[in-house]
Student: 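Below are the structure tokens for one structure; questions will follow.
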Amino acid sequence: MVNIAEDIKNILEFYQALGFERLPLNPPLPPFTKGGQGGIKVAALNALKEDIGECKRCKLSKGRTHIVFGEGRPDAKLMFIGEAPGREEDIQARPFVGDAGMLLTRLIEKMGFKREDVYITNVVKCRPPINRDPEKDEIQSCIGFLERQIEIIHPEIIMSLGRISTKALIGDEELKLSAIRGKFFKYKGVPLMPTFHPAYLLRNPKDKWLTWNDAQKVIEKLNESGKDRGGDITWET
Ligand code: SF4
């Protein structure tokens with residue numbers, strides 16, 4: 001049976017994801033034929049990618065090889081957000097593919113997901129020179145793209161990886177990650193769990209158990225919301 005209210009909601013979300021504040025006079029048709037809301041999200045992410053184009057909105061464009069947009073399920077329940085691509089990511093145009101990425105993948109699998117079940121991206125989409133922290137003006141130029149990715153994917157939970165992404169999403173310049181990790185915050189209504197960046201954990205392996213504690217809280221919350229929906233999440237652990 002056709003659910004008209006759901007379809008109208010999907011259409012409005014589609015145009016919102018494309019950046020329209022009100023319906024255009026001659027709107028392009030949303031791709032319902034490509035698989036319902038998943039198809040709409042794919043189309044919206046592709047539209048966002050096109051909008052980024054060969055972006056030169058900040059100085060990071062000068063040193064990059066590739067823009068690293070992000071990857072994973074467009075309808076992922078869980079989203080991981082780091083700070084910026086590194087050397088390997090810049091070469092391969094994929095997020096978290098170096099040593100830190102391998103550690104993140106192991107965490108994701110330990111949580112009961114496959115890497116392709118979640119969505120992974122960064123606050124800035126281009127590599128800062130010699131892997132320095134992204135600067136304030138660079139984050140300001142790029143964060144709009146991340147905001148739209150989150151709107152489109154609309155995950156049930158976000159895990160922010162490290163100080164830079166947590167600051168950018170919570171909007172608190174003074175926060176100390178070690179003091180706030182492991183506690184749920186909200187980003188525009190979406191629960192957000194700050195935890196350590198995998199690159200930090202490679203340097204400080206003794207703190208891995210803290211990140212695993214944070215991940216377990218995320219699993220519990222996802223299982224709770226799964227029960228609300230009729231218990232449709234199962235974990236392989
Ligand atoms: S970091 Fe973001 S804003 Fe800066 S050039 Fe890359 S895509 Fe554009």
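In this chain, numbering begins with 1 at the start of the sequence shown. We count ligands from 1, going down the list as the structure has it; atoms in each ligand are counted the same way.
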Student: In terms of atom number and element, which parts of ligand 1 are under 4.0 angstrom from non-hydrogen atoms of Arg64?
Tutor: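 So the answer, numbered in order with elements, is 5 (S), 6 (Fe).
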Student: Regarding atom 3 (S) of ligand 1: of the candidates Pro85, Cys126, Pro128, Cys142, which has the closest heavy atom?
Tutor: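 Among Pro85, Cys126, Pro128, Cys142, the closest heavy atom to atom 3 (S) of ligand 1 belongs to Cys142.
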Student: Once rounded to the nearest 0.5 Å, what's the spacing between atom CH2 of Trp212 and atom OG1 of Thr195?
Tutor: 11.5 Å
Student: Of the protein's non-hydrogen atoms, which lies at the shortest distance from atom 8 (Fe) of ligand 1, and what is that distance?
Tutor: Cys55 SG, 2.2 Å
Student: Pick one: which of His66, Gln149, Glu89 meets side chain to side chain donor-acceptor pair (under 3.5 Å) with Lys125?
Tutor: Gln149
Student: Less than 6.0 Å separating the ring centroids of Tyr119 and His154?
Tutor: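 No - the distance between ring centres of Tyr119 and His154 does not fall below the 6.0 Å cut-off.
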Student: Tell me whether Cys58 has at least one N, O or S atom under 2.8 Å from atom 4 (Fe) of ligand 1.
Tutor: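 For Cys58, the answer is yes, given that an N, O or S atom comes within less than 2.8 Å of atom 4 (Fe) of ligand 1.
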Student: Between Lys221 and Glu156, is there a salt bridge with N-O shorter than 4.0 Å?
Tutor: no
Student: About how many Å separate NE2 of His197 and OG1 of Thr211, when rounded to the nearest 0.5 Å?
Tutor: 11.0 Å
Student: What part of Glu138 sits under 4.0 Å from ligand 1 if we count only heavy atoms: the side chain, the backbone, both or neither?
Tutor: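 Neither part.
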